[in-house]
Structure formats: C-alpha cells, structure tokens
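Okay, structure first, notes after.
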Amino acid sequence: MSAYEAVIGLEVHVHLATASKLFCSCPNSFGDEPNTNVCEVCSGMPGVLPVLNRRAVEYATRMALAVHATVNQRSRFARKNYFYPDMPKDYQISQFELPLCEHGWLDITVNGQTRRIGITRIHMEDDAGKNIHPQGENVSYVDLNRAGTPLIEIVSEPDLRSAEEAVAYLRKLHGMVVSLGISNGNMEEGCFRCDANVSIRPRGEKKLGTRTELKNLNSFRNVQRAIEFEIARQSDLLDDGEEVIQETRLYDAVRNLTAPMRSKEDAQDYRYFPDPDLLPVVITDEELAEWAATQPELPDARTARYISDFQLPEQDAEQLCADPHLAAFFEKAATLCGQPKKVANVMLGMMMREINQKNLDTAALAIAPDAVAELVTIMGNGTISAKIAADVFPELMQGGIMPAALVKERGLMQVSDTGAIDAAVQKVLDANPAEVEAYKGGKKKLISFFVGQVMREMRGKANPALVNEALARLLG
Ligand code: ADP
Ligand code: MG
Ligand code: ZN
C-alpha cells in the first residue's frame, strides 16, 4: 500500500437540454452552422437585458432534489469576470455566494464498499462559445452558438479517495442527469464534462495537501487514467522531497500524462459581484412541491426494483439502470419474453458491444425490444445456438428484421437431427484417426477439438448438447 492517500474533488458541468438558451430565446442546439443561433443578448451587445429561462431553473432544482440537497428558494446570479475571445460579454453569468443548491450527497459502491460523497453545491451558469483552430490554417475562428447555453456545475466535497471512486461517482451522476431528462449527457459533445481536483497526503494526515486541477477529461476512461497518472506524479514529487505546485494541468490522452496549463486562479481573481441585470432567482413553494412530486424514477430506485421484480443480479440491474433508455428497452423485452436474466445477458453482452463499437445513441436504437425478446425465445427453445445468435446480432441491431425471419431466410436454424449430427461426428472421427487414438489413450481434453471440428463441419448450426452426446457415444 502506498504511503499516501489520494484526495479528489470533482467539478462536473452538465449541459441542460432546454429548448432555448439560459437568458435569451436562441435555440440551444448542437452541431448547427457556426454563429446561426446568436442574438444581441448571447453575443454580449450593450444595452440588452437577459431574461432567465424557467425551465433551466426547474432542471437544476430537479438535480438538487435527486442528490438530497437543500434548495435555496432564493438564489442569485453573479458575474465572473475574465476575458476570453469565445465570451463576448467578458464575464460569465454564474452563481457565487448564493447558489441554487447546497449540501447534497450521493452514495457510491466500489469493490463492495459503499461510501457517501458530499456535494458542496450546485449552481447555474451560462456556457461560453467555442474557439476553433483549424489545423494547418494560420487563423482562429469563434463560434457563438454555444455562448449562453445553460449549464449546472456540481461541485463535490473532497471525499473521493481513488480514481475508481471518482469514476463511480461520475457514472452515478451521469445516470441521474439522463434519467431526470435534464441533459443528454453526451461526453464527446461536451454536455457532461468534469474537472478533477487531485491532491495526496500521508496516510493518517487530516490536513489536505496541495491540489492540482485536471482538465480535458472527456471520457470516463480518461478521468480514470488522468487521476491515476496525477496521483503517481504527486507521489513521486513528495518521495523526492519536492512540493506539489497548485496549478491547472491539461490531460493528454495520447501520451497519457498531465502537463501544466496555467497557475490556478483564486476566486478573487474573478472579481465576482452580483449581476445587476438579473433579479434574484425565486422558487415558490408550489413549484418546489410540483417538481418534487414529478421526479422521474432514478437509477438507484430502478435498480432495486429490477432486483426484486426481475430477480436480476445487482450488477446487471445497475448497469442497465445507469441508462434510462437501455432500462426501458430491457423492461419491454423482459416482459415480452418472460426471461429477464437472458434479456440482460444479450443486452449487456452482444448489444453493449455493438453500442460501444459503433458509438450508438441508446436513445435511438434501430433494433426493437420485440426483436431481443424473440431472439431470447428462439435461443431458449433450441431454434438457434448462442453462436448463431452472436453471428446475426450485428444485423439485428440495424433493425427492420426479426430474428426468427432472419435465421429462417439464411437457413441458420440449429440442427437437432441426430442422424445428421451422427454423420458429421463420424466424418470427423474418420478424418482424425491420430486424435481419436490419443483421446482413447487418455487425452480427454481433445473432446473440445472434436466438438470444434463437428461445429465447423455443420457450419455452427449443430445443437451443442447433441454433438457432445454423439461424440461420447461414438468415441466409445
Ligand atoms: P475552485 O472553484 O477554485 O476550483 P473550489 O474551492 O470550489 O475551488 O474547489 C473545487 C473542487 O476542488 C471541489 O470539488 C473541492 O472538493 C476540491 N478540492 C478542494 N481542495 C482540494 C484538495 N486539497 N484536494 C483535492 N480536492 C480539493
Ligand atoms: Mg475549479
Ligand atoms: Zn441569444
């Protein structure tokens, strides 16, 4: 065990999926022609007044309720002043002294150990635009489509103790925001971004060590690797009698290292002050009660329900429930075929592989729950083998065809005709006399060689149980 303990706090920015921006009526959408969703307000013209988007307040409050936090029914927007070309106002509208939400928590489980992670605050703010630096061109462009779009920032207490815990916490938050329907959670589009604050201290020490803030962590995997790298780097420094410098560091995924970006600003550098253009944000008792009463089912509750209603193992239930779209898909398929565990196996196995490989959006899968239900049924009744199911699955993912029809069209139905199987087995035995001799002499492991050969002979369609039975019989 290392002599040091890692201390990690995360700042997570979640892009809210409202129809319009936070303080103007420009569309809040991704991927449009640059600078088409821009008006006087979000481009920072003088003499205009921002008007708060109520839906953003609702979404932020829903997140606060989900993490058992105190909702400040009266909060304030503040100006965070700094200059950057993608932010024409020269200040970001954020919340500082009086955030919307404080003192929340969520539980994470890593290696069977459950720990409660404190959430310091959640506040609303607007996003900046984007600077674009095209490769090979000696210019930079600014796209203001994202300027003024709504974000919440979720700040954790420095309660996390390892990279695994940080990722578990992030996955949990991610499952919550997509289940609440307040964000699409797309990490590649930057809709769910995280900065990790990392320090280390000698085990047993109560005082916090000097932290660095890591940026550019755009996948769960990169969060994990960046934090691991940073813990190792800081440990080496302390081992060598050197000091950790408080700074912002950028993660380089290609080289898997962090490198200094700038020295860390303090809050005072931003000259925060209450935004004089905006009224305090007031949430009425009625609004709060209504939002609380209409919270969607969250991953933890859903996981518990799947364990009790569908008898799923906890890990399967958790994985499915982390994504509300997959969970809804599962429920339909499991109800249709009545074999929940088998449905979970197909979804967490073949289906996840396809989703990850092709980077598919689980909200818009072409395959229907009926298809997975039918696949599970025809695997269960012996119409097709697991091998054939895996072979045709990528095609099923494209939608438009049901599994029974597909395997029929391709002639892929499992062969359970013992005559045909016996013939294939005999052919394999005749073709491999040396192996037969060795098997009879005691090399029983050769059985898998024979099974493989028979399967090949029958193009993967032989019923495996019958092949084993025939081999046992004919090998004597
Ligand atoms: P800032 O806004 O300047 O980044 P905050 O005080 O809001 O600073 O802290 C940001 C995050 O850093 C929080 O998640 C907090 O838990 C975490 N943090 C603060 N001190 C440490 C530390 N010594 N080690 C690790 N994380 C820390
Ligand atoms: Mg910070
Ligand atoms: Zn606008």
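All ligand and atom numbering here is 1-based and tracks the order in the structure. Quick caveat: nothing in here was measured; it's all calculated off a predicted structure.
- Ala366 is linked by a side-chain contact (heavy atoms from CB on, under 4.5 Å) to nothing, counting only residues two or more places apart in sequence or in another chain.
- Electrostatic pairing of Arg116 and Asp159 does not count as a salt bridge here, judged by no charged N lying under 4.0 Å from a carboxylate O.
- For the Zn ion (ligand 3), protein N, O or S atoms under 2.8 Å: 4 in total.
- Remark: Asp32 pairs with Ser29, Asn37 by the side chain to side chain donor-acceptor pair (under 3.5 Å) rule, at least two apart or across chains.
- Look at Asp316 and Lys341 and you find a salt bridge, because one of the NZ, NE, NH1 or NH2 atoms lies within 4.0 Å of a carboxylate O, short of that distance.
- Using a 4.0 Å cut-off between heavy atoms, Thr210 makes no contact with ligand 1 at all.
- For atom 15 (C) of ligand 1, the nearest non-hydrogen atom from the set Ser156, Ala6, Gly118 belongs to Ser156.
- Taking each of Glu11, Arg211, Lys207 in turn, the one with a heavy atom nearest to atom 8 (O) of ligand 1 proves to be Arg211.
- Residue Gly209 has at least one nitrogen or oxygen atom sitting less than 3.5 Å from a nitrogen or oxygen atom of ligand 1, judged on distance alone.
- If you number the atoms of ligand 1 from 1 as listed, the ones under 4.0 Å from a heavy atom of Val155 come out as 13 (C), 14 (O).
- We find that Asp195 and Lys215 are joined by a salt bridge, their nearest charged nitrogen and carboxylate oxygen being less than 4.0 Å apart.
- Using cut-offs of 30° and 60° for the angle between ring planes, the Phe192 and His174 rings count as perpendicular.
- Of all atoms in ligand 1, numbered sequentially from 1 with element shown, those under 4.0 Å from a heavy atom of Glu213 are 4 (O).
- Between Asp277 and Lys89, none of the side-chain N atoms (NZ, or NE/NH1/NH2) sits under 4.0 Å from a carboxylate O, so this pair counts as no salt bridge.
- With sequence neighbours left out, the side chain to side chain donor-acceptor pair (under 3.5 Å) criterion links Thr109 to Thr114.
- Each of the following atoms of ligand 1 lies closer than 4.0 Å to a heavy atom of Val7: 24 (N), 25 (C).
- Numbered from 1 in the order shown, with element, the atoms of ligand 1 that lie under 4.0 Å from a heavy atom of Leu208 read 23 (N).
- Between Glu58 and Arg55 a salt bridge is recorded (basic side-chain N to carboxylate O distance below 4.0 Å).
- Contact annotation: for Glu157 versus ligand 1, heavy atoms closer than 4.0 Å belong to the backbone alone.
- Electrostatic pairing of Arg121 and Glu102 does not count as a salt bridge here, judged by no charged N lying under 4.0 Å from a carboxylate O.
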